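First the structure, in the form of structure tokens, and then the observations on it.
Here the structure is a predicted model, which means the values were calculated and not measured. Excluded from the calculations below are hydrogen atoms, water molecules and symmetry mates; all remaining heavy atoms, backbone and side chain alike, are included.
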Amino acid sequence: MNTLYFVSKVHIYKYINNKKRAKENHHPLLDVGGNIANKDEEKAEVLNAFFASVFSSQTGYSQGSQPLVQEDREGERNKPPVIQEDVVNDLLCHLDTYKSMGLDGIHPRVLRELAEELAKPLSIIYQQSWLTGEVPDDWRIRARVTPIYKQGQKEDPRNYRPVSLTSVPGKITDRFTLSVLTRHVKDNQGIRPSHHGFMKGRSCLTNLISFYDQVMHLADEGKAVDVIYLDFSKAFDTVPYSVPLEKLAAHGLEGCTLRWVKNWLNGRAQRVMVNGVKSSWWLVTSGVP
């Protein structure tokens, strides 16, 4: 009884908090010229310009690199995955209904409640998208960015973190893409056993345990240990799209899969929303997908 009461109480509080969210009053911002932006549309433009200022303009392949799509003499080695209807249904049934919807206006609750009806048509769409390399615009191009204040002076745009809201059906394709790419890179030994970041079953904790074990082993042998910590500023935002594409091609990824990833990256755009007011669109030319 206590457990049921606790669960019901948690859901009630989530519902109330969702309904009582008040309009956010963003602090006035300073643009690059030192001018104060007070109106919501001005704030949205200032934030969008700053978020886009860290993008890298390098979008093409470097000289001497291989073409994006290669022809294999024995046929295409990277065959597209077979997207099963039951897998799509399972992903739809486990959607978080408290997450926000993308610009396509399709809420996660709608997809979850209609999972059985939508699983088959979505699995067909996903499969055809992968086969043809065509990616619907709502899945890749348009992203609504919400600025989240971190710390420091509120008038400084550098103290805000962008959080992108994209299409929920498009996010489901990310799960298939991640599965295919991870399996391919592992099979081709593209990921070393010492890698812990963004790996299933591994985390910062497993990394620290492994590091601590190596340090203690060296200390027991009487050896000195020097540690250098590096933190790259805006590392995830400044990676040109050509870099991951070149890495994937170097590890043997080609055909439908590489073409689909390339088309998914090209033509992406974002805009910032402040209190319901939208900025203009800005082309996204870099970043880790």
Side-chain angles (χ1 to χ4, degrees), residues 13-59 96 98-103 105 107-108 140-168 170-171 174 196-198 203-205 207-208 211 227-244 265 267-289:
Y13 278 127
K14 283 185 177 180
Y15 178 80
I16 294 176
N17 290 332
N18 183 58
K19 296 300 181 183
K20 65 182 291 188
R21 287 177 183 170
K23 180 180 179 181
E24 297 181 3
N25 293 317
H26 286 273
H27 197 277
L29 299 171
L30 293 176
D31 61 15
V32 292
N35 302 313
I36 299 178
N38 291 303
K39 298 181 179 180
D40 289 338
E41 55 268 26
E42 295 175 346
K43 299 176 186 177
E45 292 293 346
V46 170
L47 288 169
N48 201 23
F50 169 72
F51 294 152
S53 66
V54 301
F55 294 152
S56 172
S57 59
Q58 180 186 349
T59 56
D96 188 348
Y98 293 98
K99 295 292 185 179
S100 300
M101 60 185 176
L103 292 178
H107 198 277
R140 64 179 173 90
I141 289 184
R142 300 183 300 170
R144 184 181 68 191
V145 176
T146 300
I148 304 298
Y149 170 72
K150 298 184 298 184
Q151 60 183 2
Q153 298 179 346
K154 291 187 176 182
E155 63 269 16
D156 191 346
R158 294 175 296 180
N159 294 326
Y160 290 83
R161 177 170 59 92
V163 176
S164 298
L165 298 177
T166 55
S167 168
V168 178
K171 290 180 181 178
D174 295 346
H196 288 260
F198 306 101
S203 63
C204 292
L205 179 59
N207 188 16
L208 289 173
F211 171 76
V227 181
I228 299 177
Y229 293 93
L230 299 176
D231 185 12
F232 296 97
S233 177
K234 303 292 183 181
F236 282 86
D237 299 327
T238 56
V239 177
Y241 290 154
S242 59
V243 173
L265 290 173
R268 299 176 69 198
Q270 70 176 34
R271 66 181 178 189
V272 174
M273 180 175 292
V274 176
N275 293 331
V277 179
K278 307 168 186 175
S279 70
S280 57
W281 289 103
W282 203 293
L283 188 65
V284 180
T285 59
S286 66
V288 176

Roughly how far, to the nearest 0.5 Å, is [atom2] of [Y] from [atom1] of [X]?
X	Y	atom1	atom2	value
Asp156	Gln151	CG	CD	11.5 Å
Glu45	Ser279	CD	OG	5.0 Å
Leu47	Glu42	CG	CD	12.0 Å
Ile36	Leu30	CD1	CG	6.0 Å
Leu29	Asn35	CG	CG	12.5 Å
Ser286	Leu265	OG	CG	11.0 Å

Please test Tyr241 against Arg268 for side-chain contact (heavy atoms from CB on, under 4.5 Å), starting from the C-alpha separation and ending with a verdict. CA-CA 11 Å; Tyr241 290 154; Arg268 299 176 69 198; 3.1 Å; yes

Closest approach of Lys278 to Ala44 (non-hydrogen atoms, all atoms of both residues):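 Looking at all heavy atoms of both residues, the shortest contact is C-CB, 4.4 Å.
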
Close side-chain approach of Met101 to Pro108, heavy-atom, < 4.5 Å: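 Yes, their side chains come closer than 4.5 Å.
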
Report yes if the side chains of Pro244 and Val239 come closer than 4.5 Å at any heavy-atom pair, otherwise no.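 Yes - at least one pair of side-chain heavy atoms lies under 4.5 Å apart.
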
Kindly say whether [Y] contributes a backbone atom to a donor-acceptor pair with the side chain of [X] at under 3.5 angstrom?
X	Y	answer
Asn38	Pro28	no
Tyr160	Lys154	yes
Asn275	Val277	no

Scan for ring pair (Phe, Tyr, Trp, His ring centres under 6.0 Å) pairs involving residues 31-53, sequence neighbours excluded, and state none if there are none.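 Residue pairs passing ring pair (Phe, Tyr, Trp, His ring centres under 6.0 Å), neighbours aside: none found.
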
Sequence neighbours excluded, which residues qualify as ring-ring contact (aromatic ring centres under 6.0 Å, His included) partners of Phe211?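 Counting only residues at least two positions away or on another chain, Phe211 forms no ring-ring contact (aromatic ring centres under 6.0 Å, His included).
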
Within 6.0 Å of NZ in Lys171, more than 12 heavy atoms from elsewhere: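 More than 12 heavy atoms, drawn from other residues, nucleotides or ligands, come within 6.0 Å of this atom.
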
Take Val227 and Tyr229, measure what side-chain contact (heavy atoms from CB on, under 4.5 Å) needs, and give me the verdict at the end. CA-CA 7 Å; Val227 181; Tyr229 293 93; 3.3 Å; yes

For the residue pair Gln270 and Asn48, confirm or rule out a side-chain donor-acceptor distance under 3.5 Å.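 Their side chains do contain a donor-acceptor pair, which is all the 3.5 Å distance test asks for.
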
